[in-house]
Structure formats: C-alpha cells, structure tokens
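For reference, the structure discussed in these notes is given below.
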2 protein chains.
Amino acid sequence: MTASPPTGDELVGMLAALSNPLRLRVIASLAARRNYVSGLAREIGISRPLLHMHLQRLEAAGLIVGTLELSDDGKAMKYYEVTDFDVRLSPSALAEAAATLTAPDPGKGPHTKEQS
Amino acid sequence: MTASPPTGDELVGMLAALSNPLRLRVIASLAARRNYVSGLAREIGISRPLLHMHLQRLEAAGLIVGTLELSDDGKAMKYYEVTDFDVRLSPSALAEAAATLTAPDPGKGPHTKEQS
DNA sequence: TTCATATGTAAGAGAAACCTTTCAGGTGAA
DNA sequence: TTCACCTGAAAGGTTTCTCTTACATATGAA
C-alpha cells in the first residue's frame with residue numbers, strides 16, 4: 001500500500017473534489033458498492049448529466065475510477081468504484097504538502113522577479 | 001483531545017477551506033509559528049486584504065483562531081495560530097460523514113418544493 | 001418502428017469564489 | 001502634524017462552480 005502522500009497540487013485537487021455535499025454522497029454510495037451512472041443517479045436522486053459532471057471531477061482527482069462494461073443484454077454500462085485513498089489532514093501533514101506546491105509563490109525567493 | 005469526527009457539513013466546510021493553495025500556505029506558515037496578519041502577508045507575499053479574506057475562511061472552518069493582542073508599543077495586532085485538527089480522509093470515513101449531511105437530499109421526500 | 005434502457009455532451013443561467021483597489025479607523029514616534 | 005505601523009471592510013471585475021434543459025448516439029425488446 002504505502003499510500004504515497006500526494007503532492008500539494010494533488011492534495012488541493014482532492015480536497016476541492018471532496019468539498020461538495022453531492023460528491024461526498026457519491027463517494028459514500030460507491031464505497032458501499034460499485035454502481036453504474038444511471039443506477040447511481042437514481043439512487044442519489046439527481047439528474048444524470050449533473051452526476052456525470054461530478055463523476056468527472058471525482059475521477060480527475062483520482063478518487064474514483066470508471067470502467068466500461070457490457071451487461072448480459074449487450075448494454076454498455078460504465079461502472080464506477082472508489083479507489084482506496086487514505087489521506088491524513090493535520091497541520092504538520094498540510095505543511096509538508098504545501099512545501100511541494102507549484103502555484104505562484106509570490107514574494108518568496110530573495111525577490112527573484114525571474115523576468116517579467 | 002478525542003478529535004470528535006466532524007459532521008458532514010463541518011467536513012465540507014473544512015475541505016472547502018483547505019482546497020486552495022494560498023490557504024494551504026497560510027496553514028503551513030502558521031503551523032511553524034503563530035503570526036499577525038501584516039507580518040503573515042509579508043511572509044507569504046500577498047496583499048493584506050486578500051490575506052484577510054482567506055484568514056476569515058480558515059477561521060470560519062475552525063482551522064485557525066485569532067486573538068487580538070497589544071504589542072509593547074501599544075499597537076493592536078491580531079495573532080493567528082492553527083488549531084490542532086486531525087482528520088482522516090478515506091472512503092469509509094467519508095461515508096460516515098456523508099451520513100450526517102443536512103444538505104438537500106434531492107429526490108428523497110415527495111417533491112417537496114418548500115416554497116420559492 | 002417505437003419504446004425503454006444505457007452512454008455522453010453542449011448551451012445557458014445563476015451563484016459563489018477569488019483578487020485588486022480604495023476607503024476608514026486606531027496607535028506611537030519624529 | 002505627518003509618517004509609519006497596525007486593524008477592518010466595502011466596491012468592482014473576472015473567473016470558476018453548479019445545475020437544468022436539450023440534444024445526439026447505441027443497444028435489446030415488443
């Protein structure tokens with residue numbers, strides 16, 4: 001396992017993906033059992049296009065993965081399941097992650113304007 | 001201690017507050033040592049009003065706390081420091097939190113429009 | 001063919017987040 | 001008084017997020 005700690009940017013992406021009630025419900029539902037989009041949309045009670053958008057965000061953050069499968073009657077169904085992530089959120093852990101942020105570090109280095 | 005696990009809504013608030021590179025830097029800086037807003041703004045390299053906004057978000061989420069103190073020369077300085085939060089982010093932990101969400105459970109009740 | 005299932009995507013509105021600039025108040029020191 | 005430092009907050013613009021409605025495609029069954 002050794003859940004390699006995510007980089008600062010990856011962590012920001014994860015947190016952004018999880019900071020939404022609907023997406024939290026999606027994770028909870030998929031944690032119980034994998035499901036395909038239409039079935040999941042019905043279970044959670046939201047429209048399919050909306051769920052589709054949230055699934056994309058979650059997958060982009062690496063929190064879920066989708067696989068296209070064919071049902072017995074030939075229908076194409078996309079099943080999603082959660083990845084087994086495990087991140088700790090504490091001041092020191094966040095400090096470590098923040099050290100790897102690639103975002104614009106405004107006035108850090110000895111006023112290295114690195115050209116404008 | 002006994003870091004009581006946050007409710008679903010509290011967790012969403014925490015994650016939203018942390019899903020920003022600047023705020024992550026703020027946490028990292030304050031985790032190293034407490035600081036007052038103007039000093040922190042200089043250290044991070046952002047404008048004071050901008051930092052002020054981010055500090056408000058972090059404090060609203062319970063991740064930092066600010067105390068107004070008087071320096072030796074009588075200046076009013078607001079010092080911020082991190083709280084010792086410690087949250088685990090895993091599918092099962094999120095499922096537990098999601099169960100306590102108060103957000104609109106979309107298609108649950110029989111189309112309760114509850115006035116507009 | 002028509003209906004029901006499944007998939008994905010594009011267009012548009014409304015709300016929220018993010019950032020900058022500007023203003024206003026306070027204290028102590030020169 | 002004027003300057004330097006501290007604090008707070010409002011106004012405005014730009015971008016992003018969130019959601020709905022509508023469209024487009026493919027399969028199997030009646």
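Reckoned from all heavy atoms, side chains included, excluding hydrogens, waters and symmetry mates. None of these values were measured; they are calculated from a predicted model. All chains are named by letter (A, B, ...) in the order of the sequence lines, taking the proteins before the strands, and each is independently numbered beginning at 1.
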Linked hydrophobic residues, B:Val65 as query - side chain contacts closer than 4.5 Å: none
First encountered from the 5' end of DNA chain D, between A:Ser47 and A:Asp73: A:Ser47
Residue mapping more 5' on DNA chain D - nearest nucleotide basis, A:Pro49 or B:Arg48: B:Arg48
Whole angstrom value for the distance that separates [atom2] of [N] from [atom1] of [X]:
{"X": "B:Leu18", "N": "C:dA17", "atom1": "CG", "atom2": "C1'", "value": "16 Å"}
{"X": "B:Met77", "N": "C:dG26", "atom1": "CE", "atom2": "P", "value": "19 Å"}
{"X": "B:Leu51", "N": "C:dT20", "atom1": "CG", "atom2": "C1'", "value": "14 Å"}
{"X": "A:His52", "N": "C:dA6", "atom1": "NE2", "atom2": "C1'", "value": "12 Å"}
{"X": "B:Leu50", "N": "C:dC19", "atom1": "CG", "atom2": "P", "value": "5 Å"}
{"X": "A:Tyr79", "N": "C:dG8", "atom1": "OH", "atom2": "P", "value": "13 Å"}

Kindly list each side-chain donor-acceptor pair under 3.5 angstrom involving residues 71-79 of chain A, sequence neighbours excluded, with atom names and distances?
residue, atom, partner, partner atom, Å
A:Ser71, OG, A:Asp73, OD1, 2.5
A:Ser71, OG, A:Lys75, N, 3.1
A:Ser71, OG, A:Lys75, O, 3.3

Those residues that, when tested against B:Ala16, pass side-chain contact (heavy atoms from CB on, under 4.5 Å) (two or more places apart): A:Ser19, B:Arg57
DNA chain D: 5'-most and 3'-most nucleotides touching chain A, 4.0 angstrom heavy-atom criterion: D:dC17 to D:dG28
Side-chain heavy-atom pair B:Leu22, B:Leu50 within 4.5 angstrom cut-off: yes
Student check: side-chain heavy atoms of A:Glu43 and A:Ser29 closer than 4.5 Å: yes
DNA chain C contacts made by residues 53-69 of chain B, counting heavy atoms under 4.0 Å: B:Met53, B:His54, B:Arg57
Short side-chain N/O contact to C:dA17 OP1/OP2 from B:Asn20, under 4.0 Å: no
Distance-minimising heavy-atom pair for A:Leu30 and A:Ile64: CD1-CG2, 4.1 Å
Heavy-atom closest contact (B:Phe85 atom, A:Leu89 atom, distance): CD1-O, 3.4 Å
Residues forming a side chain to side chain donor-acceptor pair (under 3.5 Å) with B:Arg48, sequence neighbours excluded: none
Sugar-phosphate, base or nothing in reach of B:Lys75, heavy atoms under 4.0 Å: base
Sidechain N-carboxylate O distance under 4.0 Å for B:Arg34, B:Glu69: yes
